[in-house]
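Please read the structure below before turning to the comments.
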Protein chains: 2
Amino acid sequence: MASSNDSEVRNRSRRGSGRPTLADVAGLAGVGSITVSRALRDPARVSPELRQRIAAAVDELGYVPNPSARALASARVDVIGVLVPSLTNNVFAEVLRGIHEGLGDCPLQIQFGNTHYSDEEEERLLRVFLGQRPSALIVSGIDQGPTTRQMLEEAGCPVVQIMEIGPDPVDMMVGFSHLEAGKAVARHLIDVGCKRIGFLGARMDPRSRRRLAGYEAVMREVGRFDTTLVTTTTLPSSVSMGVNLFHKALEETPDLDAVICNNDDVALGVLFACHRAGLQVPAQIRIAGFNDLEMMEVASPSITSVRTPRYEIGRRAIAMARAAIAGKRPQRTVVDLGFELKIRESTMRPAVPAL
Amino acid sequence: MASSNDSEVRNRSRRGSGRPTLADVAGLAGVGSITVSRALRDPARVSPELRQRIAAAVDELGYVPNPSARALASARVDVIGVLVPSLTNNVFAEVLRGIHEGLGDCPLQIQFGNTHYSDEEEERLLRVFLGQRPSALIVSGIDQGPTTRQMLEEAGCPVVQIMEIGPDPVDMMVGFSHLEAGKAVARHLIDVGCKRIGFLGARMDPRSRRRLAGYEAVMREVGRFDTTLVTTTTLPSSVSMGVNLFHKALEETPDLDAVICNNDDVALGVLFACHRAGLQVPAQIRIAGFNDLEMMEVASPSITSVRTPRYEIGRRAIAMARAAIAGKRPQRTVVDLGFELKIRESTMRPAVPAL
DNA sequence: AGCAGGGATGGTAGCGCTACCAACAGGCAT
DNA sequence: ATGCCTGTTGGTAGCGCTACCATCCCTGCT
């Protein structure tokens, strides 16, 4: 035990993490450090025999690669920046879940940012993210401000815009048409015989506005649009905000026979408000939500809603980003995952028409 | 325009990111690069005059520090690893929001991992995180397995366990007593005169089990415990699972006059199930939830729940982590943020006793 | 036999930053 | 004047890894 080995010397030195490095592994395996690097990154390029010796050395030392050193040397980080406008919102939690699960065991890290529905915040976060030269970016929506838009275009990495699709992608897009979804709900309520169909919206981000536009287009088509039918607020969405919006709408437009809500939280608020006021759903008033949260199906009455592919959007976004990082750009850069109108009790045509 | 400046030369070189570096800023400002480094990290140690020249150079070049290089040189990364068991769950979304907002504009990054309530997954993720030598770790719960526990103890960085408090912190803790919360709900229902109080629980993670234990302790105290009162599943929690559990409970124990749910989703399911079955709440059956989601207050009837300081837990956890990173260890390493029983219509003592 | 071509392996020189030490000036006590 | 401390600045040597090029050896061809 007279000699001290290399790593002991290393440990005593003033700098460094004290952990084994590539060079330690290389020394133990009796190969060059670059060969270890290759064996770890691209095993096919190293002979099976060396590969095994290296694997044994890695195990013995408990070697873990240093991502910072890799990033510095290769001038790229294995980080995907994800910008979403909210976390309170169940919708984006689902998207994030899809992103995380779509990642599998690949060594990418997710760097996540919450823009709080603010363009300035989005720009600020994007600047921070770009400072790290991420491998890819995933951003929510298609309505970035001009500065943000330009930053994305010059990002030098794949960019996936999610939640919505539109005509002019920065790079790639996964989502669905909120305009069409808004139209579909309005058409359905017209089909079941509603005349005075209100629209309730909280937060009113660009996607909600597009759904409202779909509603408005259909209502105008059948000559039933009326600005008093629309009740919105830019305040955050919540179940209690649904209650408030419904009360406000009824005050202004007491003859409403249906409300389309810009999301399920608002719809649930309306349901509770009706219950409290003794209004029969759907006999006296019909309710439609948006997103199809799990509870919509078991609510009493069950609530019509638009199922949106939130989880799937996350998965596809990450899949597209990974493909693009690997140089395999997907054929279609704009993917429409569609939506599905789930018709339930809350908008059933009553057996006997109400009044 | 005969000469090319330094950064043009840099751009033409085969390696590197092509972006300005500390040395470029130093050259432009006419100082040493280490001075620029100091001016950026600890401005007080650089004279005001140089500080200003450096700031101007940074602006002119659009210099952004390279975090990988910093991490490599300083042997530490400005990353806080956060492990939570779920993202679907509104509760943890709130915690994450608190963590992100508690971060403010400090240059720490959050590295987030979803353990899916699995010990193995937690261990795997922790291993990945530790490979990066994070500045701090935030983990959920106090029931880590022995391997995970040991890894945390040897992490070499501040560790905050959140959601729950217990007698034996790895390092720091922020949360509240789920046992006491469970007791409080049970006592309340006993106080309002309930005799046959059921407990419904989905997922039944350790925190839910502790709430159940609190319920059981109180029920035994008053001589009313009975295993048929408890209906649980390890399947994930959801509103529809609340419906299922309630049906199952009623089948086995038809004389239930109250149910304590292990969370608000389950409680909401029970409310819907009662509504569908024509059971009056609270006259025929009382419902208590847990977490106090925003909708509990506006539900019809409003639902009694235990307000838990989820957002605050996130904020405090990050504040404690930051303090510990800065070397200012908080006096109290275990912080009990408490809970609050919100008594609402769903557990009101009926004016006329039911039956 | 001689040589081109390709696959496997290694050496070297950074990537951009910070820790450590050295240097130097200016103020104070001796 | 000397010494010493404090505060400011700079030089240098890495941090652990990978890009680039060089080297070597083996195969198959002329």
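Proteins come first, then strands; the chains are lettered A, B, ... in the order of their sequence lines, and each starts at number 1.
Summary of the strand contacts: A:S68 and A:R76 both lie near DNA chain D, and taking for each the nucleotide with the nearest heavy atom, the more 5' one is attributed to A:S68. Taking the nucleotide of DNA chain C with the nearest heavy atom to each of B:R41 and A:R38, the more 5' of the two is matched to A:R38.
Phosphate proximity of D:dT18 to A:S37: present, with a side-chain N or O under 4.0 Å from OP1 or OP2. Of the side-chain N and O atoms in B:S47, none sit less than 4.0 angstrom from OP1 or OP2 of D:dT8.
Taking only side-chain atoms of A:S74, from C-beta outward, the nucleotide of D:dC17, D:dC15, D:dT18 with the closest atom is D:dT18. Between D:dT9, D:dC17, C:dT9, one nucleotide has an atom nearer to the side chain of B:L50 than all others, and that is D:dT9. For B:T21, counting side-chain heavy atoms from C-beta on, the closest listed nucleotide (D:dT9, D:dG16, C:dC17) is C:dC17.
One can place CZ of A:R70 at 8 Å from C1' of D:dC17, the figure rounded to the nearest angstrom. The CZ-P distance, from B:R51 to D:dG7, rounds to 14 Å in whole Å. As a whole-Å value, the separation of A:E49 CD from D:dC26 P is 14 Å. Remark: P of C:dG14 and CG of B:N66 are 18 Å apart, rounded to the nearest angstrom. D:dT18 atom C1' lies 13 Å from atom CG of A:D42, rounded to whole Å. The CG-P distance, from B:D78 to C:dG16, rounds to 19 Å in whole Å. As rounded to whole Å, 19 Å separates atom P of C:dG14 from atom CG of B:L22. Between A:I34 atom CD1 and D:dA19 atom P there is a gap of 8 Å when expressed in whole angstrom units.
In summary, of the residues considered (A:E101, A:R316, A:E94), a side-chain hydrogen bond (donor to acceptor under 3.5 Å, both in side chains) with A:Y311 occurs for A:E101 alone.
Residue A:E153 places its CD atom among more than 12 non-hydrogen atoms of other residues, nucleotides or ligands, all under 6.0 Å distant.
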Determine, step by step, whether B:V84 and B:T115 satisfy the side chain to side chain contact (heavy atoms under 4.5 Å, CB included) criterion, reporting the C-alpha distance in whole Å, the side-chain angles of both residues, the deciding distance to 0.1 Å, and the verdict.
CA-CA 6 Å; B:V84 300; B:T115 68; over 6 Å; no
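Electrostatic pairing of B:D119 and B:R124 does not count as a salt bridge here, judged by no charged N lying under 4.0 Å from a carboxylate O. The residues B:D168 and B:R149 are annotated as salt-bridged, a charged nitrogen and a carboxylate oxygen being separated by less than 4.0 angstrom.
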